[in-house]
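Chain letters run A, B, ... following the sequence lines, proteins first and then strands; every chain starts at 1. Because the structure is a prediction, the values reported are computed rather than measured.
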Amino acid sequence: MAYEVKIDDQIYRVEVEEDAGAYQIKVGDRVYWVDVAQPQPYFYSLIINGHSYEVDISPQNDQRDILVEGKAFHTEVYDETRKPLLSKKKLEFLEGEQKIVSSMPGKVISILAQPGHQVKKGTGVIVIQAMKMENEIKAPKDGEIKEIRVTEGKTIEAGEVLLVIA
Amino acid sequence: MAYEVKIDDQIYRVEVEEDAGAYQIKVGDRVYWVDVAQPQPYFYSLIINGHSYEVDISPQNDQRDILVEGKAFHTEVYDETRKPLLSKKKLEFLEGEQKIVSSMPGKVISILAQPGHQVKKGTGVIVIQAMKMENEIKAPKDGEIKEIRVTEGKTIEAGEVLLVIA
Amino acid sequence: MFRKVMVANRGEIAVRILRALKEVGIPTLTIYSEADRNSLHVRMAEEAYCIGPPPAEESYLQIKKIISLAKDKGVDGIHPGYGFLAENPVFAQACQEAGINFIGPPAYAIEAMGSKTRSREMMQDAGVPVVPGTTKPVRDEAEIFRLASDLGYPIVLKAVAGGGGKGMRVIKRAAEIKSAFRATQSEAQSAFGDSAIYVEKYLENPRHIEVQILGDKFGNLIHLGERECTIQRRHQKVIEESPSVLVDEEMRRQMGETAIRAARAVGYFSAGTVEFLVDKHKNFYFLEMNTRLQVEHPVTEMVTGIDLVKEMLKVAAGHNLTYRQEDIKFRGAAIECRVYAEDPLNNFFPCPGKILSLRTPGGPGVRDDTGVYPGFEIPIYYDPLISKVITWGRDREEAIHRMARALQEYVINGVKTIIPFLQGVMEDKHFLQGDITTEYIDQKLHRGSLVDAGYFKEVAVLAAALDAYRTEISRGTNSFPKINGLKMVDNPWKMTGRRMLLDSRL
Amino acid sequence: MFRKVMVANRGEIAVRILRALKEVGIPTLTIYSEADRNSLHVRMAEEAYCIGPPPAEESYLQIKKIISLAKDKGVDGIHPGYGFLAENPVFAQACQEAGINFIGPPAYAIEAMGSKTRSREMMQDAGVPVVPGTTKPVRDEAEIFRLASDLGYPIVLKAVAGGGGKGMRVIKRAAEIKSAFRATQSEAQSAFGDSAIYVEKYLENPRHIEVQILGDKFGNLIHLGERECTIQRRHQKVIEESPSVLVDEEMRRQMGETAIRAARAVGYFSAGTVEFLVDKHKNFYFLEMNTRLQVEHPVTEMVTGIDLVKEMLKVAAGHNLTYRQEDIKFRGAAIECRVYAEDPLNNFFPCPGKILSLRTPGGPGVRDDTGVYPGFEIPIYYDPLISKVITWGRDREEAIHRMARALQEYVINGVKTIIPFLQGVMEDKHFLQGDITTEYIDQKLHRGSLVDAGYFKEVAVLAAALDAYRTEISRGTNSFPKINGLKMVDNPWKMTGRRMLLDSRL
């Protein structure tokens, strides 16, 4: 089966094939024979050409947070047979307009930018109070604030869209 | 629902009722209100009248090995509605004739008693080699050896009956 | 010593105190909010009672409810941990009035040190050097402006009732005064219920070094050496060590004696910490006193061999200190890493959630002080500090290498944590050389190192697809495909592949 | 130091050695049998290669395969751990011939000490006291009978190639000689491939005390104090401590010097242990030398602060010892409990199986040296030792209380372990008083205490039924019943019950 895996804004085509108890996995044109053990849910022990890796996976729909020997990676995985290819266009769209979503419940303390403002990557845009701390939501890239969807003092849920930047 | 729980050769009748998120559990005529949390499989946190207990359960069919605050208990649980009551007679039978079963694979090194022998509780009857150690299987009670079902040098499986004592 | 002790806290510190109580054989009782039914401290205590709804104000800060429960259940001692009621003199007083032993310092010492302005005044009187600035709260922006002109920029605004890095703002230019004043006041009000603010000269790139002290009710006071707490993030400590690379034996003696003088000035007993800022000329200034057990107390325990919680229990029960100053011997070096449930790749944003799996580090010289377990759902209501790892080594180098090893073993899957960030610090040459300031995290650490993991990225890509594949298969068959089973294969290149794999297995 | 080191072992000791290698930054490689694909050491090593089928003879003992793999993969050092090839002089020699550093003592020292009779002879020559008995193997029962008449009963038969408590039988009466001789010979043959047997006077109720030594290739030898290993079961150690309650400073010095003399007599370097039997008059006799890292080495590490595995690496690489005798300072007391997968309620019968869940102990003074993890299936082919817990305290009392606390936290669910038994020992007054002999487990420990757990039994009964109930419910609905959900109830007595429950929550 073939998948597209997005990591750090790069996309890899990955083919997985099971073979007599082992896995043949192609990443682009590189072929790996992978000895797989999964003694616990969310955990794999992989041996690839004699090299042993501990891999922990936290899945959420198509998203997978992955720890390889404790190093953190964020991936998105799409099944080629089920989903259309992630076209270059779609990627550009993702890069073009971005919705900033709250990752956890909290309260909006203050809003530091308004629609129409040009902001630099890293500029603080909204301050959220969560887990007893004030946290600044920063612009993920240079761009223009298209929309601010929350107001100061508002209680927000995880997953709620805070603003749109383009 | 009502259960019979066997522990240390005693049998308790236990009623479990769920009530608005809490449990009422009767052991004999003692009533407990139990606040139950089960954050992981095989593990319960119970709060009974303010007292907090960590309980780990290893189930195997009707058998349950239980750790309460790390102390080990072996129980058997029967559902009253599904199984006939554990009659007093059945218990006596269990106490009367007992099959000694190997708990793990190994090899019979030597047999120390023969059918017809009278043995005391704790007398060594069969020596098994398992996990690099020689282990003496001892008589669980005073009684007569009825049958020896293995021979010296034989490789045995877990669960295999070794001998019958009565 | 005590009939029964209540631990009036949650998380890792509640667990740590429960452990000490178990070791000395004192029955334990704890409290929990409705959000904490599944918390580890509830499981570990012998008795546990729900004290109210999730917000701390309605549960962990409910003085009357807590005291009434304690009396009701035969509790004769309460350990407050850190945070919550630990530095609340009203609570300490209420315990005393209820005939319950507060396992901490006297209420008047808490109160005196709780006001940053008052404590600065008292320390000046006791001959303890303090950072230049006001000893009275400021009234308005204009006053701050005048003070800044005298002291010179940068200055720092601090909540009078503050502590622990909360309620403070650095001001580098006059233009920042207005918004900083407002923000600090509002944070002070919401965090401490008191909006009063004072001003200090902001020492640039100072070291943040603190001294652990211990005293009994008979006026015996000793110090247990220093802790280096310079590495901070948002003015909160992240990594602490003992000893400090900066402090030699003579400086340790001087700082220790100064700390004891500070403690004696407020009639202190129990465990406490005197925090100093140290400038580049190794001058040290009193910053504040923490009148409680510190988060970072384990590093001191590891180099001295002294169990601070047990000493607190003894002192509270009216015993003499077990140790005299000359009994305190330092061995090796210890380092602590705080593990926060925060995303280091996303500006350290807090990440509560459910822990899917957890592997804690072990082996020689590693101490695991955790407040969580696999299956635990980190509540959103409290501090994102979920555990601490402490390592000991014969010297700083061994302690750091051991920490790097321990962090590699430490896996918390399901929530994001700062473990990858901490790993980066342990490998950073500035940190290894001891070349650190409070700005270290922002200035020095090469953030890229968090994701620059070479071949591991390829493994992550491969594993993501593998997991997707196996998840699909298992959805179809409701069980994982057998991976050790033998299956005939007829495709010759597959056979070759399998043979290659077997070859690599020897 | 090394380019790449192979750990030629499995289980907790492989994990412990991998940890040391990671801390000093040496790339790691390990081997595994087909039964060990899922073992922890395979996960932790950077490289791992399957070396053969499950039986040790076909995998972990395959000298040629191991050496060939090592050469193939660029390995320049092999640490053998304990057991398997650790005390095999042929392997040590084979490493040397292949140009690979054997991280352990020289082959000739292993060989000399491997023969119990030859080592007894050498020790006598070196002026080291030995237990009365033969220095040559016995030929037949008649010879044993004559020897027993000279020495007086009881005597003990021991395998010449033996060690670690295997291959030995105590004989109390002449009538036992015949069967004991046969049994010991056959065990010696199957365990060591050598049926030769010798005879010693059996000291009744002796203490079993050993001295850790450390030497480099330049003839420097030091000792790191003693370990008390008296508590045994089937002649195998279960609980070890350092220091021994019996040994004072003068006796430590004498035993240490004797141990060094013993080591010097065989040109020893690396870590090694000289075992002594101590009679009631505190006379000590050489028993054997273990020419390897011991299972119980962590207690020495905890009281001295020295990492023995790292010292072994340094010495093997040709470095000088880091320490001189005067650098060795002892602090506090440490105790180790070995956790075996055995059923203490059923005559310590081994219990392999799958670990359903695992909670390892943490907090101050606790070291967890494990070889397993949740989800791991303990193979039936190897030793049932699955982990070790080591605690440190400022004195023996604190170390023991800490161990009791740690064992209470330590839960291995799914396989039976001796943890409940170890808990019983920690609470036993004889043990607390240090009143122990090698017969302690059989003679002194009140077995009943293992199950006499009062109210816990009622909780077990209640929990068994609760779990049966919830299992049934979840089978019906495919999910656990919501226990925190709110539901209207109309039955008045139920309301009362619920109110009672809420009351008890405050």
Is it the backbone or the side chain of [X] that comes under 4.5 Å from a heavy atom of chain C, or both, or neither?
X	result
A:Tyr12	side chain
A:Ile109	neither
A:Gln60	neither
A:Val5	side chain
A:Ile25	side chain
A:Val55	side chain

Any chance the side chains of [X] and [Y] put a donor and an acceptor closer than 3.5 Å?
X	Y	answer
A:Tyr3	C:Glu472	yes
A:Lys71	C:Gln408	no
C:Thr417	C:Tyr410	no
C:Asp467	A:Tyr44	yes

Kindly indicate, with the supporting measurements, whether the criterion salt bridge (charged side-chain N to carboxylate O under 4.0 Å, His left out) is fulfilled by A:Glu80 and A:Arg13. CA-CA 9 Å; A:Glu80 269 193 4; A:Arg13 187 168 186 282; 2.6 Å; yes
Region of C:Leu466 that comes under 4.5 Å of a non-hydrogen atom in chain A: both
So what's closer than 4.5 Å to chain A heavy atoms on C:Leu407: side chain, backbone, both or neither? neither
Ionic contact status for A:Lys99 with A:Glu160, cut-off 4.0 Å: no
Specify the closest pair of heavy atoms between C:Leu157 and C:Phe181, including all atoms of both residues, with the distance to one decimal. CD1-CA, 3.6 Å
Counting heavy-atom pairs under 4.5 Å with chain A, which one of C:Lys416, C:Glu409, C:Glu458 comes out on top? C:Glu458
